[in-house]
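To start, the structure under review is shown below, and the notes come after it.
Note that the coordinates shown come from a computational prediction; the quantities given were computed from them, not determined experimentally. Letters go in sequence order (proteins before strands), and every chain restarts at 1.
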Amino acid sequence: MDEQFVEDVLSAVERIPPGQVASYGDVAELVGRGGPRQVGQVMSRHGGAVAWWRVVRADGRPVRGLEGEAWEKLSAEGVPKRGDRVDMAVARMRGGGFGEARYEP
DNA sequence: AATTTGACGACCG
DNA sequence: TCGGTCGCCAAAT
């Protein structure tokens, strides 16, 4: 894990628009190397400087250990919530694709 | 060098 | 939805 990877991950996270989220795996894919766990590793150490609450688990649960804080930020940005998790079908960052799931409660 | 540990993820029952 | 299993990848023991 070099500094370059850290920089890349943090930049990727900074590119997540308010009101949307990305999974650890998504970030890893954007960065182009490493995996979800590596992203998690970086966030755990250096995530304080960016919008860490916009990075959630693939199943929509917010960051382990900081759920309270995360929900504050997320709901303040209007991120749609389903029960105790983010509604990924709606809030997940789209990579320019078109065929995306629709929202039906 | 071997094993355990994570801000994880896909699958299955 | 809820748990358990297995795969993953790098770092820390």
Side-chain angles (χ1 to χ4, degrees):
Chain A
M1 263 286 242
D2 52 40
E3 279 304 316
Q4 186 56 64
F5 182 65
V6 173
E7 293 284 329
D8 291 347
V9 168
L10 297 182
S11 318
V13 172
E14 275 295 309
R15 290 202 294 280
I16 305 172
Q20 295 191 9
V21 301
S23 73
Y24 292 87
D26 291 341
V27 174
E29 218 177 293
L30 284 172
V31 168
R33 67 173 156 131
R37 312 196 79 130
Q38 280 50 249
V39 172
Q41 190 69 209
V42 170
M43 290 306 283
S44 144
R45 298 187 171 216
H46 315 89
V50 297
W52 53 265
W53 57 91
R54 292 183 196 141
V55 182
V56 303
R57 288 201 189 184
D59 63 5
R61 272 194 207 82
V63 182
R64 187 185 289 282
L66 295 171
E67 292 83 359
E69 278 289 312
W71 279 124
E72 273 185 51
K73 307 285 193 178
L74 290 171
S75 37
E77 295 179 357
V79 172
K81 177 163 76 105
R82 262 172 88 125
D84 62 340
R85 48 173 131 158
V86 172
D87 188 340
M88 294 304 273
V90 179
R92 192 175 196 174
M93 189 164 49
R94 317 260 195 292
F98 182 17
E100 285 294 342
R102 282 169 303 319
Y103 184 34
E104 40 186 317

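Here the closest non-hydrogen pair linking A91(A) and V86(A) is CB-CG1, 3.7 Å. In terms of heavy-atom proximity, A22(A) sits nearest to V27(A) at CB-CG2, 4.3 Å. When all heavy atoms are compared, the tightest approach of G35(A) to A28(A) is C-CB, 3.7 Å.
W53(A) and E72(A) share no side-chain donor-acceptor pair at under 3.5 Å.
A distance-only check finds a donor-acceptor pair linking the side chain of R54(A) to the backbone of I16(A) [under 3.5 Å].
No more than 12 heavy atoms of other residues, nucleotides or ligands sit less than 6.0 Å from atom CD of E29(A).
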Reading nucleotides 6-13 of chain C 5' to 3', which nucleotides get B (base under 4.0 Å from a protein heavy atom), which S (sugar-phosphate only), which -? -BBBSSS-
Could you go through residues 55-66 of chain A and list every donor-acceptor pair under 3.5 Å that involves a side-chain atom there, pairing it with any protein atom two or more places apart or in another chain?
{"residue": "D59(A)", "atom": "OD1", "partner": "R61(A)", "partner atom": "N", "Å": "3.0"}
{"residue": "D59(A)", "atom": "OD2", "partner": "R61(A)", "partner atom": "NH1", "Å": "2.4"}

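Near DNA chain B, meaning a heavy atom under 4.0 Å away, the residues from residues 4-31 of chain A are S23(A), Y24(A), G25(A). Within residues 51-64 of chain A, the residues having any heavy atom under 4.0 Å from DNA chain B are, by residue number, W52(A), R57(A), A58(A), V63(A), R64(A). Contacts between residues 66-76 of chain A and DNA chain B, counted as heavy-atom distances below 4.0 Å, involve no residue at all.
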Evaluate V9(A) against Q38(A) for side chain to side chain contact (heavy atoms under 4.5 Å, CB included), listing each step before the verdict. CA-CA 10 Å; V9(A) 168; Q38(A) 280 50 249; over 6 Å; no
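Between the NZ atom of K81(A) and the CG atom of L74(A) there is a distance of 10.0 Å, given to the nearest 0.5 Å. Distance check, rounded to the nearest 0.5 Å: OG of S23(A) to CE of M93(A) gives 8.5 Å. Rounding to the nearest 0.5 Å places CZ of F5(A) at 11.0 Å from NE2 of H46(A).
Residue pairs meeting the side-chain hydrogen bond (donor to acceptor under 3.5 Å, both in side chains) criterion with at least one partner in residues 5-22 of chain A, sequence neighbours excluded, are Q4(A)-D8(A).
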